[in-house]
Amino acid sequence: MCSPFWWRSSGGSDYERYASFLNSLCDCGTIRSPVCGHHPKDEGFLFREERISLFQTYRDLFKLLHKGIVYSKSVSWLFKLAPLASLAASLIACAWLPFGGMTGLFSFTGGFLLIAYLFGAARFVTMLASLDTASAFEGMGANREALFAVFAEPALLLGFGAVIVAPGNSSLANAISVAQNTTFSDYGVVAALAAVSFFILALAENSRIPVDDPTTHLELTMIHEAMILDNSGPDLAFIEFASSLKLWFFYVLIADIILPLFHVGLVARICGTFLIVFVLAALTGIVESSMARLRLMKVPQFIGSAAAFAFIAILLKGIL
Amino acid sequence: MILFNVGFLIIALGWIPGLALKKASSINKAGMISTMAGCALVLISSIIGMSGVFVGQLYFFSWRMPFGQALFSMEPLSSFFLFIITLISGLAATYAPAYLRHYGDEPSRFKSHWFFYQILVASMMIVVVAQNAIFFMLAWELMSLSSFFLVEFRNEKAKVRQAGWMYLVFTHIGAAFLLAMFALLARNAGSFDFKAFRESAYSIPKPLSGLVFIFAVIGFGMKAGFFPAHIWLPEAHPSAPSHVSALMSAVMIKTAIYGILMTLAFLSPVSAWQGWLLLGIGLVSGVAGIGMAITRNDMKSLLAYSSVENIGIIAVGVGIGILGQASANGVLAFLGFGAAFFHVLNHSLFKSLLFFGSGAIQTAANTLNINEMGGLLKRMPFTGAAMLAGAAAICGFPPFNGFISEFLIYTSAFSARFETPMVRELYIVLVLGGLALIGALAAYAFTKLGGIGLLGEPRTKAAAQANEVVPAMYVPMIVLASLCLLIGIFPSTVIGFLEPMLSSLNLLPPAAVLDGMLNSLRGIQLSTSAFLAFILFLAIVRKFIARNKYIKVSETWGCGYDKPDAKMQYSSSSFAEPFVSLIAPLTRPKVVGELPALHFPKMKDFKVDVQDPVLDRVVVPAYGWTGKLFGKFSIIQHGNTHLYVLYIVLALLVALVWGLGL
Amino acid sequence: MMRALNARLRQGYRTNPFPAEDPVLSPRYAGLPQLDPGACNACGECEKACPTQAISAHTAPSELKLDLGRCIFCGECEKACDQGAISFSKTFRMGATEREGLVLGKNTEMRIKRLNDEMLRCFGHAMKIRVVSAGGCGACEADVNVLETIGFDLSRFGIGYAASPRHADALLVTGPVSGNMELALKKTWEAMPDPKLVIAVGACAISGGIYRGMPEVRDGADSTLPVNLYIPGCPPHPISILNGLLGLLNRLP
Amino acid sequence: MKLLETGNKISVADIPDRSYNDFRAELIDSCGGGKGARIVSLFALREGGNRLIAAVADDKAGTISVTSTLVDSTYPSLTPALPQVHLFERELFEADGLRPEGHPWLKSVRNPFATDFSRMGGDESHEVAVGPVHAGVIEPGHFRFQCYGENVEHLEISLGYQHRGIENAMVGGPDKRTVHLMETAAGDTSIGHSLAYARIFESMAGVMVPARAEALRAIALELERIANHVGDLGALAGDVGYLPTKSFCGRLRGDFLNITAELCGNRFGRNLVRPGGVAFDVSGDEALALAGRLKSLLAQADEAVELLWNTPSVLARFEHTGIVSRQDAIDVGLVGPAARACGLDMDSRSDHPTGMYRYTAIPVSTSLSGDVYARAMVRMLEYRRSARFILDTLASLPAGKTTAESKAPLASAMLAVFLVEGWRGEICHCAITSADGKFLRYKVTDPSFHNWFGLALALRGQQISDFPLCNKSFNLSYCGFDL
């Protein structure tokens with residue numbers, strides 16, 4: 001490795017990269033429907049008996065795009081910026097995300113930092129926008145989001161650190177291709193710990209039980225939902241699409257980390273990614289079905305455990 | 001060089017015409033014009049200086065003094081700091097007259113203000129170009145004193161006086177350490193000239209070098225506001241006029257960073273522990289500073305604590321740079337120092353922007369308490385927008401500049417190599433986890449500042465009646481905000497700009513590494529541009545699909561309640577509460593105000609007092625203990641002459657024993 | 001966790017098969033009233049017995065009319081009528097998009113018209129409902145709420161309840177609209193983005209029901225809002241509400 | 001203080017007429033002095049001056065007594081000495097304009113547009129205003145929280161959105177609307193309120209209710225209790241995000257309601273209880289079928305509810321959340337499961353038994369800790385005991401008619417009081433007839449009237465995110481309060 005800095009992935013044609021990006025756009029909703037119903041307010045798949053349409057998320061988005069918008073008298077331009085920033089950040093993240101061995105649209109040393117910080121920027125604008133509505137509920141949502149981010153951000157970066165930096169790789173795509181050629185004992189434990197860490201984050205960042213309750217109708221207990229109580233029409237569509245993409249992002253990310261453990265070819269890796277994403281969705285459902293929500297002030301400990309897993313994964317690299 | 005001289009003279013003497021003027025506004029104008037003109041000239045010379053053309057050109061005048069020559073030099077490093085000093089000083093001077101109108105029209109007050117302001121700017125310039133320890137210390141002292149008097153601008157308030165004294169005490173404790181440090185260096189070099197210090201750098205014995213470094217960290221750290229010496233900042237900044245806070249927070253404390261960097265050149269080779277020390281101090285300052293910032297309701301106090309955080313980030317950068325040098329890892333050194341320089345620049349931009357903004361709010365809404373603000377973005381569109389940009393930048397969010405310096409620090413984790421096992425992993429955890437924690441806490445603090453202060457509905461009548469300030473005040477903010485954005489989008493250009501300075505400091509990595517670095521920065525450039533493009537695209541999409549649709553304006557959804565109220569939005573204190581509760585063992589929040597204990601409540605005022613773990617739990621009690629302790633010594637004060645003679649004899653005896661080495 | 005999964009297996013499949021199959025209702029269920037003008041002798045006993053003035057039969061047998069919008073399905077008229085001119089059937093399919101459609105009599109056609117094509121394209125498979133309880137007794141709310149449980153599983157049709165009116169497409173009103181709730185109801189309506197619908201559920205929301213004429217109430221949702229769908233009952237059976245919603249969305253087989 | 005006679009009625013002329021000081025001393029002595037009596041109703045009769053009439057229940061003795069006094073438009077407040085009357089006094093002030101001097105918290109009761117909230121001063125706290133239109137499908141009410149961050153320093157509940165004027169509409173009755181008004185006083189307590197009304201009517205008209213009707217009424221009342229308790233346990237699970245119990249109980253509640261529908265065709269028990277008896281009978285086969293269905297549903301409900309007690313993450317949310325102390329519960333006069341969860345052994349079914357409960361006792365279910373856990377526990381015990389009662393009663397239904405044929409008019413100038421233990425707690429109906437046998441005053445006291453303030457107390461010092469859980473553990477009625 002002549003230089004630790006690296007721009008653009010070495011493998012994969014342009015076509016593949018675009019395909020993986022488009023794939024994210026088309027599939028993120030279909031995974032969200034079975035996990036959380038067509039709306040984050042429905043019960044998990046384990047307790048529903050009639051299947052709902054796989055395309056329900058897209059139907060909802062279609063409807064929202066056709067609806068009008070009601071803006072609050074209190075809001076400024078920032079409120080109108082927030083949905084755009086959320087979706088733009090998620091789009092960039094999915095463009096960067098490698099999929100089943102296909103590299104993302106772009107990749108460079110430290111690209112994961114940009115992605116983490118773009119998510120952070122989207123979160124920041126969303127929190128500000130929710131405070132802009134002058135509503136106590138939205139303030140509550142922003143406040144909780146801000147507090148939990150204090151734990152989630154380090155966990156996210158340490159997770160990436162465990163997978164990318166500690167093993168001496170320059171980017172996620174690079175890390176995946178390197179891991180393809182390592183043995184199970186070298187990579188297995190680290191991958192497992194990082195995957196657990198990211199899974200906890202996925203629950204936290206996508207308002208799942210035990211952090212947030214997607215089925216709640218109650219403003220006082222909401223986190224993410226509380227911040228978007230005042231968004232309507234296309235704005236809401238952008239936000240919902242952005243959160244679908246974010247959920248997809250975390251699932252595929254975990255799949256990307258786990259898959260190199262199985263030394264298989266491209267087609268198998270793509271199928272494997274879908275399989276893992278499906279399993280993760282089922283796992284989310286099972287977690288949601290078997291435990292209650294944490295008391296709000298216990299959530300930091302839960303998210304902190306994600307950081308702890310990543311931390312151990314990094315230290316393990318030094319021991320192994 | 002001539003530009004520098006002329007500019008310096010204009011600034012240093014610019015207060016003189018003001019003495020003759022009678023009207024406050026013309027005094028202000030005179031001060032503004034002379035400062036701006038001087039700053040403009042020095043700014044140009046500093047830009048030239050950064051390219052390295054002045055290296056080796058020393059400017060001196062014959063000065064028959066025992067401690068050496070009066071030497072000055074504009075090396076690229078000095079030029080870089082000069083650039084920042086003059087840029088911010090000039091913008092602050094532009095901002096000042098309109099802002100100062102807020103303080104009445106007593107001419108003498110403004111005369112003294114401009115006197116100290118220009119002395120402060122001039123002394124800062126001298127600090128970064130002085131090549132002699134004594135001159136450095138003279139300028140340093142001048143800088144401290146003039147800034148002390150600037151903080152005392154509104155000295156009719158007891159709180160202001162107290163803040164000023166605290167600052168004075170701290171800065172002098174620091175100065176004492178610096179004097180000791182220079183004394184040690186001079187003893188080794190045989191001269192007070194920095195040139196001599198540098199030349200004898202390799203001959204310094206290791207223990208002495210370590211001691212000098214410790215003295216430098218303490219001495220400069222007092223000024224920089226490293227934790228736990230940070231406590232003067234949150235006292236002094238809210239008390240000073242806002243453009244002075246901006247100058248002190250965004251620029252003056254950076255001279256301490258310059259000092260540390262300068263000292264490093266006297267100590268080569270550096271050792272790894274020095275790097276770890278600074279890294280540790282930096283992370284602690286970062287977390288503690290921004291953590292405390294969250295708990296503050298006074299906007300400028302919050303910003304002051306955030307300066308502690310940012311100084312911490314810079315210290316992390318310097319620490320990493322030292323680690324790189326100590327382990328002969330050029331890439332690490334480049335990334336560390338590069339990040340430090342970058343952040344010095346970035347912080348000076350967004351911090352002065354935010355201080356200008358808080359000053360603007362202070363004049364418009366007559367408060368600095370975030371609990372009393374709200375809805376200001378709509379009433380002060382330029383100030384508000386610029387401040388929000390500053391807030392995003394200071395949190396390190398792309399597409400603003402703060403991200404770039406943090407990115408450089410983060411990427412250092414890629415190239416860190418250490419001999420001892422586990423150290424590298426520890427380093428990765430510290431850098432990734434620590435910086436992410438600082439970043440997330442910063443987002444918390446600035447969501448509070450922006451979201452509670454600028455957005456939503458006004459919480460007081462004064463906030464509801466606020467109007468946008470005059471262009472002279474908001475244009476500097478817009479300039480700074482645009483710089484933040486431009487640097488964030490075109491970081492590689494700035495790296496190019498810093499390149500000569502880095503190469504003069506022997507910090508440039510091999511070309512391949514630099515290329516890779518620039519590639520990464522171009523990657524950021526491309527993806528942040530794509531991010532902005534997506535936003536634009538989505539905005540157009542929304543515009544297009546909502547074209548024939550019904551866009552309405554209605555009340556915020558308040559559950560259909562008939563009388564919504566501005567009190568029904570989060571207060572600044574409430575927003576901080578979850579975090580305050582989390583760190584309650586450290587900050588011991590005191591709740592004042594009675595909670596309803598009986599069945600039927602009688603409500604009182606509710607107030608929460610969150611303490612600074614150092615100031616309120618160490619320094620203030622320690623002050624009390626010291627007072628008591630020294631009180632005990634009063635028993636030896638009998639007023640009896642015989643007894644005093646006895647003391648003298650005893651002291652002589654002790655000195656004799658010590659002197660003879662018995 | 002295993003207990004929960006076990007319980008899940010044992011509790012079995014419980015979702016109501018409606019609309020594919022008609023549900024099994026209690027044999028005592030009182031559904032759509034059947035009028036037989038031929039049997040009526042215009043004695044007016046039913047009118048005297050009706051607590052809500054839903055029925056009028058004092059002029060001529062052919063004028064026997066029953067306003068479903070006011071009917072609370074108490075069955076007093078059935079008991080009062082010696083002629084058997086009124087009987088309550090087991091039909092749960094009740095509801096109309098026009099208020100007049102609820103007045104049963106000669107030539108009335110109670111019909112739920114589907115939404116127009118444009119609305120249907122939007123809402124056909126995705127509709128969020130904001131429920132506002134405007135002064136009733138809470139029973140309609142309970143039966144609206146029950147639709148979201150797995151027993152009826154509203155979400156399989158893409159319909160759900162929204163927490164915020166900003167997210168909602170339809171405003172479902174229950175209760176007679178008490179004077180104290182009128183403003184809140186209007187505010188909720190104003191908070192919703194266009195295009196939007198109003199659904200009045202229960203006798204109270206349609207006409208004021210048992211509270212009709214009391215000074216504290218406004219006698220139904222159409223005093224305040226333009227109603228698109230009326231579902232009668234006191235309270236309507238959940239299946240009737242579901243039937244109404246699906247009819248509106250053209251989702252009935 | 002005059003004990004009510006057999007049939008829980010008394011001639012208006014026999015109601016003692018005390019001086020205000022005697023009246024006050026009497027009430028404080030019996031209700032505040034550790035004798036354990038409670039004021040179950042306090043209202044004014046405006047005919048012939050402002051006459052305050054208080055109905056006092058002594059649970060130990062199983063008696064109800066009344067006393068009265070004439071007051072001017074102002075009178076010294078009882079509340080400082082007897083906090084449990086605070087809301088009655090506020091109601092008198094709002095509805096009848098009688099000002100209690102020295103009332104510590106004289107604010108509106110059913111006027112949601114009043115803004116007389118206690119607010120915290122200073123600019124550091126904030127308010128959260130929830131309602132009237134809540135996020136879920138719930139009745140309207142306004143909750144005002146005084147918050148510092150996530151902490152609730154004080155909660156004030158402002159109701160009245162559901163006010164329909166039922167008590168006023170009852171005056172001049174009974175008529176064809178009366179029983180329906182009672183059935184809809186609180187829609188989820190149709191049986192409870194219609195039963196209380198029927199007893200008032202029967203007492204006034206001197207109707208003897210057949211034993212079979214009493215048995216069916218008790219079955220219906222207990223079914224109502226089971227359906228609501230099971231539904232609420234599911235809702236509690238939902239509020240802590242525990243999906244299994246939430247899903248199962250949500251469905252089971254409907255199934256229990258459907259059993260009621262088997263009885264009378266209506267899921268809420270409308271048209272079942274009528275003065276003189278019940279409107280529907282149950283055949284032997286139907287009784288068997290009902291028992292069978294009930295047993296199978298109970299097994300499912302037990303399984304679903306057991307999950308709550310076996311899931312640590314659920315218990316962590318229930319325990320120590322929303323505590324009301326035993327003393328507070330006594331002071332503010334809590335009733336029903338909320339009171340029993342604070343360790344108060346009180347239940348109208350055993351303390352003031354009527355009808356079927358005179359023959360078959362249901363054990364009183366109490367718990368001690370006063371938190372959400374205790375309230376859930378009480379609910380669980382109660383629905384199980386009710387189920388046993390129903391099964392027993394179904395197995396031995398008395399033979400005979402289901403309704404007493406009587407068209408007797410109401411007695412003139414009488415006062416009648418009845419307590420019925422609805423699923424939320426004690427329902428108190430108190431009626432006074434005029435000389436021509438029409439209702440002159442009809443006072444309905446829903447258990448929610450006593451208990452809303454208990455919820456406010458439970459929330460002090462809690463996290464605001466625990467409010468929905470606390471609220472659901474009380475699950476009080478808005479319309480029953482607002483009337």
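Nothing here was measured: the structure is a model prediction, and the numbers come from that model. Scope of the values below: all heavy atoms of this structure, side chains included, with no hydrogens, waters or symmetry mates.
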Discussion item. Heavy-atom pairs under 4.5 Å with chain A - which of F537(B), W557(B), F400(B), Y410(B) has more of them than the others?
Written reply: Y410(B)
Worksheet, complete the sentence: When every non-hydrogen atom of K73(A) is compared with those of K378(B), the smallest separation belongs to O-NZ, 2.8 Å
Fill in: Contacting region of A89(A) [heavy-atom separation from chain B under 4.5 Å]
both
Worksheet, complete the sentence: Cut-off 4.5 Å, heavy atoms of chain B, and the answer for F151(A) is side chain
Discussion item. In the structure I gave you, are the side-chain heavy atoms of L78(A) and L454(B) within less than 4.5 Å of one another anywhere?
Written reply: no
Worksheet item: So, for F124(A) and Y444(B), is the gap between ring centers shorter than 6.0 Å?
Response: no
Item to complete: With a 4.5 Å cut-off on heavy-atom pairs, point out which of A162(A), A166(A), A307(A) contacts chain B the most.
Response: A166(A)
Worksheet entry | Best-contacting candidate, G111(A), A129(A), G120(A), against chain B by heavy atom pairs under 4.5 angstrom | G120(A)
Worksheet item: Do you know which of P234(A), G110(A), A155(A) has the most heavy-atom pairs under 4.5 Å to chain B?
Response: G110(A)
Practice prompt. Select, from L296(A), L157(A), L229(A), the one with the greatest count of heavy-atom pairs under 4.5 Å involving chain B.
Written response: L157(A)
Worksheet, complete the sentence: Greatest number of non-hydrogen atom pairs under 4.5 angstrom with chain B, of S74(A), P300(A), A136(A), S130(A), falls to S74(A)
Item to complete: Measure distances from A566(B) to the heavy atoms of chain A and classify the residue's part below 4.5 Å as side chain, backbone, both or neither.
Response: neither
Discussion item. For a quick test of reading the model, state the closest non-hydrogen atom pair linking R424(B) to V165(A) and the distance between them.
Written reply: NH2-O, 2.9 Å
Response to the item:
Greatest number of non-hydrogen atom pairs under 4.5 angstrom with chain A, of E577(B), K567(B), M568(B), falls to M568(B)
Practice prompt. With a 4.5 angstrom heavy-atom cut-off, could you sort out which part of F575(B) is near chain A: side chain, backbone, both or neither?
Written response: both
Worksheet item: With a 3.5 Å cut-off and no angle check, do the side chains of Y117(A) and E406(B) form a donor-acceptor pair?
Response: yes
Worksheet item: chain A: which of T447(B), L437(B), L582(B) shares the most heavy-atom pairs with it under 4.5 Å?
Response: T447(B)
Worksheet entry | CA sep, side-chain torsions, deciding dist, call: F108(A), I524(B), side-chain contact (heavy atoms from CB on, under 4.5 Å) | CA-CA 9 Å; F108(A) 55 85; I524(B) 291 173; 3.8 Å; yes
Fill in: Atom group of L435(B) that falls short of 4.5 Å from chain A, counting heavy atoms
backbone
Item to complete: Go through the atoms of F112(A) and report whether side chain, backbone, both or neither lie under 4.5 Å from a heavy atom of chain B.
Response: side chain
Discussion item. Working to the nearest 0.5 angstrom, can you tell me the gap between L377(B) CG and D132(A) CG?
Written reply: 7.0 Å
Discussion item. Counting only non-hydrogen atoms closer than 4.5 Å, does C395(B) touch chain A with its backbone (N, CA, C, O), its side chain (CB onward), both, or neither?
Written reply: both
Worksheet entry | Atom pair OG/CZ of S76(A) and R379(B) - distance to nearest 0.5 Å | 10.5 Å
Worksheet item: To the nearest 0.5 Å, how far apart are CD1 in I551(B) and OH in Y71(A)?
Response: 5.5 Å
Worksheet entry | Part of V75(A) within contact of chain B (heavy atom distance under 4.5 Å) | backbone
Worksheet entry | Region of S574(B) that comes under 4.5 Å of a non-hydrogen atom in chain A | backbone
Worksheet item: In Å, rounded to the nearest 0.5 Å, how long is the span from CZ of F106(A) to OG of S527(B)?
Response: 4.5 Å
Worksheet item: Quick one: what part of A533(B) sits under 4.5 Å from any heavy atom of chain A, side chain, backbone, both or neither?
Response: neither
Discussion item. Measuring from atom CD of E153(A) to atom CG of L441(B), what distance do you get when rounded to the nearest 0.5 angstrom?
Written reply: 10.0 Å
Discussion item. As a quick check of understanding, evaluate side-chain contact (heavy atoms from CB on, under 4.5 Å) for W77(A) and L388(B), giving each step before the final call.
Written reply: CA-CA 12 Å; W77(A) 54 265; L388(B) 286 175; 4.3 Å; yes
Fill in: F418(B) atom CZ: more than 12 heavy-atom contacts under 6.0 Å
yes
Worksheet item: Which region of A116(A), side chain (C-beta onward) or backbone (N, CA, C, O), has a non-hydrogen atom less than 4.5 Å from a non-hydrogen atom of chain B, or is it both or neither?
Response: neither
Worksheet item: Taking all non-hydrogen atoms of both residues, which atom of G161(A) and which atom of L432(B) are closest, and how far apart?
Response: CA-CD1, 3.3 Å
Worksheet item: Between V541(B) and chain A, which part of the residue has a heavy atom less than 4.5 Å away: side chain, backbone, both or neither?
Response: side chain
Worksheet, complete the sentence: What one should report as the nearest heavy-atom pair of T556(B) and T133(A) is OG1-O, 2.8 Å
Item to complete: Starting at CD1 of I452(B), measure out to CG of N143(A) and round the result to the nearest 0.5 Å.
Response: 7.5 Å
Worksheet item: If you tally heavy-atom pairs under 4.5 Å against chain A, which of G558(B), A442(B), A392(B) wins?
Response: A392(B)
Worksheet item: For E145(A), is it the side chain, the backbone, both, or neither that has a heavy atom closer than 4.5 Å to a heavy atom of chain B?
Response: neither
Worksheet, complete the sentence: Residues A134(A) and G456(B): closest non-hydrogen pair is CB-CA, 3.9 Å
Worksheet item: With chain A, which of Q569(B), R542(B), R459(B) has the greatest number of heavy-atom pairs at distances under 4.5 Å?
Response: R542(B)
Worksheet item: So, do I92(A) and T528(B) sit near enough that their side-chain heavy atoms are less than 4.5 Å apart?
Response: no
Fill in: Considering all heavy atoms, the nearest G433(B)-L158(A) contact
N-CD2, 3.7 Å
Item to complete: Among I164(A), L87(A), L81(A), L156(A), single out the residue with the greatest number of heavy-atom pairs under 4.5 Å to chain B.
Response: L87(A)
